[in-house]
Amino acid sequence: MRSKILFLFCTYLFITGTVSAQSDTLKKDLFSWGIRAGVNAPFVDMRESQINGIKIEDPSSNSKMGILISLFSRINFNRHYLQLEAETYYMRYRMSPRPGTVITSEPNISINDITIGNKIYSLDIPLLYGYNFIKQSPYELSFFGGPKLKYLYKKKSEISVTEPYELIMDERIRPLTANFVLGLGTSISRFFIDFRYEFGITNLTRPTTYTFYKDGTNISEGSIYLKRGINLLSFSVGIIL
């Protein structure tokens, strides 16, 4: 009798352990989360440039490397997955008018050395769909894409102009914009690398006003509109936990 009870007890432990292990494996296969960090390079997509309602040649621009940090959670369906992220970005870029651009005609001011620099901090929420076209443990290779909401929570503008002029401009940047992300990712075991390019869908700025001063005297004022989006190339490394 005791041997039968012991046999049944061992059988129960074996079945319970097997089911528990299968449940943990299923949970691991279905859900995962991780962290990634990397660098980014913004590209200004200039769509329209106006000064006092008059279209001008698009300004030249250049960018500097920024940084990003991201947390994500993932739901896996065989080779497919959905990934929700919360990430913060720091971006830097500068713009300046093309040589010979007339800023205003009363009086006629044409200044070649105007530079508008922006430092932008954003909180981004992308929702991505991915597909692993190579999934052979421990290697994976996938492509992914999806929409992203970008909230600009901090902005710093730096304006420089040729002496003896001074330019005052309060650039009005929209706090909420939408982007679309495309990328490739590769992983070995829990470690991965991904490359992304995102396209700015909505415009970043609103029309704003400017004032020119010379030796402390207001000599000209008007409106300026630089209709633009920010495209972003990024590279990051991370770990799936």
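Worth saying up front: this structure is predicted, and the values here are computed from it rather than measured.
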NZ or CZ of K150 within 45° of Y89 ring axis and under 6.0 Å: yes
ILVMFWY cluster, V237 and I239 together (side-chain gap under 4.5 Å): no
Over all atoms of both residues, closest heavy-atom pair of L149 and A178: CD2-CB, 4.4 Å
Residues Y129, H80; criterion side chain to side chain contact (heavy atoms under 4.5 Å, CB included); working and verdict: CA-CA 8 Å; Y129 160 77; H80 308 265; 2.7 Å; yes
Single-linkage hydrophobic cluster, 4.5 Å side-chain cutoff, V181 and I201 together: no
S122-D124 side chain donor-acceptor pair, cut-off 3.5 Å: yes
Hydrophobic cluster membership, F133 vs L82, 4.5 Å side-chain cutoff: yes
Point-to-point distance, once rounded to the nearest 0.5 Å, from CZ of R36 to OG of S236: 4.0 Å
Value rounded to 0.5 Å, distance of CG in N62 from CZ in F43: 11.0 Å
Shortest non-hydrogen contact from E87 toward P126: OE2-CG, 3.7 Å
Side-chain touch L68/Y90, heavy atoms, less than 4.5 angstrom: no
pair I116-R94: side-chain heavy atoms closer than 4.5 Å: no
Close side-chain approach of L128 to E85, heavy-atom, < 4.5 Å: yes
F192 ring center near F72 ring center (under 6.0 Å): yes
Residues N76 and Y81: side-chain donor-acceptor under 3.5 angstrom: no
Exceeds 12 heavy-atom contacts within 6.0 angstrom, atom CD1 of I188: no
R174 CZ: over 12 foreign heavy atoms closer than 6.0 Å: yes
More than 12 heavy atoms from other groups under 6.0 Å of CD1 on I240: yes
CG on D194 to CG on L184, rounded to 0.5 Å: 9.0 Å
Other residues, nucleotides, ligands: >12 heavy atoms within 6.0 Å of K214 NZ: no
Separation between CZ of F180 and CZ of F199, rounded to the nearest 0.5 Å: 8.5 Å
Neighbour count above 12 (heavy atom, 6.0 Å) for Y151 OH: no
Expected output: side-chain R79 to main-chain N132 donor-acceptor under 3.5 Å: yes
S142 side chain vs G130 backbone, donor-acceptor pair below 3.5 Å: no
Under 3.5 Å side-chain donor-acceptor pair for R47 and N203: yes
Mutual orientation of the aromatic rings belonging to F143 and Y131 [parallel < 30°, tilted 30-60°, perpendicular > 60°]: tilted
CA sep, side-chain torsions, deciding dist, call: S32, R74, side chain to side chain donor-acceptor pair (under 3.5 Å): CA-CA 5 Å; S32 57; R74 181 183 291 182; 4.7 Å; no
Hphob cluster co-occupancy, I219 + Y210, side-chain heavy atoms under 4.5 angstrom: yes
Path from M46 to Y197 over hydrophobic side-chain contacts below 4.5 Å: no
Separation between CZ of F31 and OG of S73, rounded to the nearest 0.5 Å: 9.5 Å
The single option from V44, N179, D45 passing side chain to side chain contact (heavy atoms under 4.5 Å, CB included) against N231: D45
Min side-chain heavy-atom separation N218-T211 under 4.5 Å: yes
Non-hydrogen side-chain atoms of P42 and S63 separated by less than 4.5 Å: yes
Closest non-hydrogen atom pair, N118 against S157: ND2-OG, 3.0 Å
Full working for side chain to side chain contact (heavy atoms under 4.5 Å, CB included) between Y225 and T208: CA-CA 6 Å; Y225 184 30; T208 187; over 6 Å; no
Stepwise side chain to side chain contact (heavy atoms under 4.5 Å, CB included) test for K156 and K154: CA-CA 7 Å; K156 182 178 180 182; K154 184 178 180 181; 6.0 Å; no
From CA spacing to verdict: side chain to side chain contact (heavy atoms under 4.5 Å, CB included), K119, K155: CA-CA 6 Å; K119 296 180 180 180; K155 181 266 293 183; over 6 Å; no
From CE (M95) to CD1 (I159), nearest 0.5 Å: 9.5 Å
M91 vs M65 side-chain heavy atoms within contact, under 4.5 Å: no
Criterion salt bridge (charged side-chain N to carboxylate O under 4.0 Å, His left out) on R228 and E48, from CA distance to verdict: CA-CA 7 Å; R228 66 189 188 274; E48 187 177 349; over 6 Å; no
L233 vs F195 side-chain heavy atoms within contact, under 4.5 Å: no
T186 side chain to E140 backbone, donor-acceptor under 3.5 Å: yes
Under 3.5 Å: donor-acceptor pair, side chain of T205, backbone of L226: yes
Side-chain donor/acceptor of N40 to backbone N/O of I67, under 3.5 Å: yes
Heavy-atom side-chain proximity of K55 to S49 below 4.5 angstrom: no
